Each structure stands twice: as C-alpha cells, then as structure tokens.
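Source: prediction; values computed, not measured. Chain naming here is simple, since letters A, B, ... match the order of the sequence lines and numbering starts at 1 in each.
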2 protein chains.
Amino acid sequence: MFAGYSEGSAQAMNKEMGPEGDKARRKPRADSLRNREKLLSAAAEVFREGGPEASLEAVARRAGVGIGTLYRHFPTRDALFEGVYRRDVDALAEMAERLAAELPPGEALRRWLHCAIDVIAVKKGMLEALALATEGKQELFSYSKCRMNAGAEALIGRAVAAGEIRADVVPDDLWHAVIGFCAMRGQPGWRERAGRLVDIFADGLSAAL
Amino acid sequence: MFAGYSEGSAQAMNKEMGPEGDKARRKPRADSLRNREKLLSAAAEVFREGGPEASLEAVARRAGVGIGTLYRHFPTRDALFEGVYRRDVDALAEMAERLAAELPPGEALRRWLHCAIDVIAVKKGMLEALALATEGKQELFSYSKCRMNAGAEALIGRAVAAGEIRADVVPDDLWHAVIGFCAMRGQPGWRERAGRLVDIFADGLSAAL
DNA sequence: TGCAAAACGGAGGGCTCCTCCGTATAACAG
DNA sequence: CTGTTATACGGAGGAGCCCTCCGTTTTGCA
C-alpha cells in the first residue's frame, strides 16, 4: 500500500460504483504530493551519502519536513527504498529485456550480469533495494518484483531454449547471485573480484549442459 | 590484539627495562578473565537468538556485568564477533585443509563450498563474522584471516596444479562467493538456492579449462 | 465562503551506543 | 598479614535514532 495512493482494492462501501469502484476520494492534496517528492529526492541524497543505514530523521531534516510526514508517506524504511529505487530497478529489468533481444543468448546473459554489478557499484543504496525487492516483501514491491522476474526470465528463456545454459535456473537465481557478488562491496578490489566471480558464474551456467 | 591477553611473551620479570620497553605487566586479574568468559558465552547466545544486530547492552545484561566492562574487553562490536566466532572460522579453515588432503581436487573444492554454506546456515552470526574476517580489519582478525587463506589456498593450489580449475582464482574469491551466496539467507528457500548457486559456481571454476 | 478531511510537524517514550569516572578489588611487596 | 597501587568494575549520562500520537494547519470541495 505505500503511501495510500494505490488505485485498487477500493472496496467502496456504497453507491453502487461500477467495476471502477472507488470511493470518490478527494484528490490528493497538493502539499502532500510536494512533500512526497521532496522526501524522495532527499532520501536519494542521504542514502547515496550515508548508505542504506542512514538516519530517517536526517532524511526528513534534509527534505525540510517533519519526521511525522516522512512516516506518513513511507511507513517503513523499506517503503522509502521502494520509492527511491523503483525506477532504477525497472531500468535494470528493461536492460535485461533489451540485451536478450539484441545479443546471442549466452552473451546477453553474461553481459547483463556485468551491467547489474556496474549499476550497483554506483548507486549506494541500490543493493538493499534489490535485496528487498527480491525478497518480495508482501505486496509492497510486487510491481518491481514482477518487472525483475520478467527481465531475468527473458534472458534465461532464450538461453535455455538455445541449449546454452542449464535448464534449472530461475530468475531469482540470477538476482541472488548478483546481489551476493556485491555483498562484499566496500573493501578494496571488490569491483574487480565481482567481475571475475560473475564470469566464473556465467561459465558455470553453461558448463553442465 | 584483542583484549590484551597476548598469549605468551613471558618476558617475565625484568627489572630495569627501558622506561617504555616492556613493562613487566601484572598477571591479569582473575575477575577480568572470568568476565571475559562470561561475556563471550553471553554474546554467543544473544547473537544466536537475535542475529548480529543484537544489542550489546543485552549481552552485558545477560553476562551479568556492566556495559562498561563489555566495552573494556571488546571495544567494538567487531572485536566481540572475532572473539565469539574465531574458533568456528578456524574450524572452517581446517576443514578446507582436510578435504584438500582427502579428496580429488575438484571434488574437495566443491564439497568444501557446500560445507561452508552448511555452517553459515546454522550459526546465525557467523556470516557477519566471516565477512569481517575477510575484510581483514586492520590487525584484528589477522590470525583468522591467515588461517582462512591457508585453508582456501590448500584447496585451490591442488586443484590448479591438477589442471582442474582456472588458475586465476585466489582464496578471497572463494570466501566472497560463499558469503555472497548466503547474503540472502533468511528468505524462503535460500538454502536450496545457495546449494544450486554453489554448484554452478564450482562448474564455472573448471569451465574455462 | 465555510467546513471537514487530510496532511503537517514535533514533542515524547523507549531503546541503543559509547564515554567517563568514582569505587571496588586482586596482585604484589614488605 | 597488611598496605599500596595498578586494574577492573559498573552504571549514570549525553547523544542519536526509531516510531507514535495528537493538537494545529492547510486544502479540496460544496
């Protein structure tokens, strides 16, 4: 549910609304939308600078709103992550689909794994966001989760069909591997090592024909 | 060096040493040793129950000592981890050496990776401990780090010599992979997935001839 | 223009981290 | 055994964070 702007589930209590059924709710207030935006960009900054553990009060402070406002819009830290990184997760999923369409199956997969690491390397809070999205916390994230699966599925499907990788791989496997390889980011040389691990992993995918 | 009880260095009673040199230190107080032990087992329990984020004050409470005492013995959370998990890390390193000696190179390596996951699956705080040890924070952990490298090196060395895996693998690669594969522990089915990822990874190690 | 619904903000309770320092006590000398 | 003194003890206290609750303000809508 997220800050309450979900379209669905309305369950309008009366008034024989059509299938569209939603209690004729007031239009969201202007200040609400404004604050939501302020919070998102403040959070992006704060997470970038301080990592995913950064203080939420700091986010509210930077956004220039009260802490109460932050919690109303994003009841949990996770919800805030979802808001901040949703579009990045999307981009990654899209890239998967594009690569799947443009490159030979095996190569596309390998390339995508490397790209994913690149993205995570730059966006500091991204790793957490991905992990959360992968866990698929309840309904939250369901959208991102869906996109992610579709993207990875596209890569895997083609490669399996072409007989280039083992057939028992599922989308979550790819995400977990990528996230795992970045788990130790922060120490010297992690980037290079992650690259190597990805290559080994990609080799492994096609090894057990 | 940890809380100051560097093992031997008897260095015993010299008179007239340099003003700094090495002061003939008193024998550690009995209550100090006792409290140290109490803290370690309390920490083991608390971390097992509450994960690696558990409150240090809770540890002190359970140990029945003041918070100040905890901080004197273990100035940081990391130091406490080191104390609690040192022997487990050792065990893992030893197992690497044993497997390397008892099984065919490739098989030994694969088997060890699986074992490592098993251990981490059971010991709740272990993952953090390993990650810290791998990062090799300063001098702390240097002992564990050393043992770990030796263990992994034994596995890798034999496999490379036998031409069974690629030659550019270093010990840290193995640890990072293992830790990474466990990064998502906690969600349903992670155990099974981690096993699969390990197999893929092991395949990949020998794929690039 | 007026009225609620919706949003705002921040005080406050509860918890944690970590430091500091007066008090207690174990090791050692005489 | 007794006195000295280095060490260790414990917990109060300052600071920060999380999250809730509620009186106040703003805004959409009639």
Are B:Glu82 and B:Arg77 within salt-bridge range, i.e. N to O under 4.0 Å? no

Name the pairs: protein N/O against N/O of nucleotides 26-28 of chain C, kept only if under 3.5 Å.
from   : atom 1 : to      : atom 2 : distance (Å)
C:dA27 : OP1    : B:Ala30 : N      : 3.1
C:dA27 : N3     : B:Arg26 : NH2    : 3.2
C:dC28 : OP1    : B:Lys27 : N      : 3.4

Are the side chain of B:Arg72 and the backbone of B:Ile67 linked by a donor-acceptor contact shorter than 3.5 Å? no

Residue pair B:His114 / B:Arg110, side-chain heavy-atom distance below 4.5 Å: yes

Carboxylate-amine/guanidinium proximity below 4.0 Å for B:Lys145 and B:Asp172: yes

Whole angstrom value for the distance that separates C1' of D:dG10 from CG of B:Leu39: 12 Å

Measure the distance from CZ on A:Arg36 to C1' on C:dA7 and round it to the nearest whole Å. 14 Å

Taking the basic N atoms (NZ, or NE/NH1/NH2) and the acidic carboxylate oxygens, is any pair closer than 4.0 Å for B:Arg62 and B:Glu49? yes

Would you call A:Lys123 and A:Asp118 a salt bridge, using N to O less than 4.0 angstrom? no

Separation of atom NZ in B:Lys38 from atom P in D:dA8, rounded to whole Å: 15 Å

Measure from NE2 on A:His73 to C1' on D:dT20 and round the result to the nearest Å. 17 Å

To the nearest angstrom, how far is B:Asp78 atom CG from C:dC18 atom P? 10 Å

Whether the side chain of A:Arg158 engages the backbone of A:Leu103 through a donor-acceptor N/O pair (distance < 3.5 Å, no angle test) should be reported. yes

Between A:Phe74 and A:Phe81, is the gap from one ring center to the other below 6.0 Å? no

Rounded to whole Å, how long is the line connecting atom CZ of A:Arg72 with atom C1' of D:dT26? 12 Å

Using a heavy-atom distance cut-off of less than 4.0 Å, which residues of residues 51-71 of chain A contact DNA chain C? A:Val65, A:Gly66, A:Ile67, A:Gly68, A:Thr69

Between B:Arg77 (CZ) and C:dT19 (P), how many Å, whole number? 14 Å

When you measure from the side-chain N and O atoms of B:Asn35 to the phosphate of D:dA8, is any distance below 4.0 Å, counting only OP1 and OP2? no

When you measure from the side chain of A:Trp112 to the backbone of A:Leu92, do you find a donor-acceptor pair of N or O atoms at a distance under 3.5 Å? yes

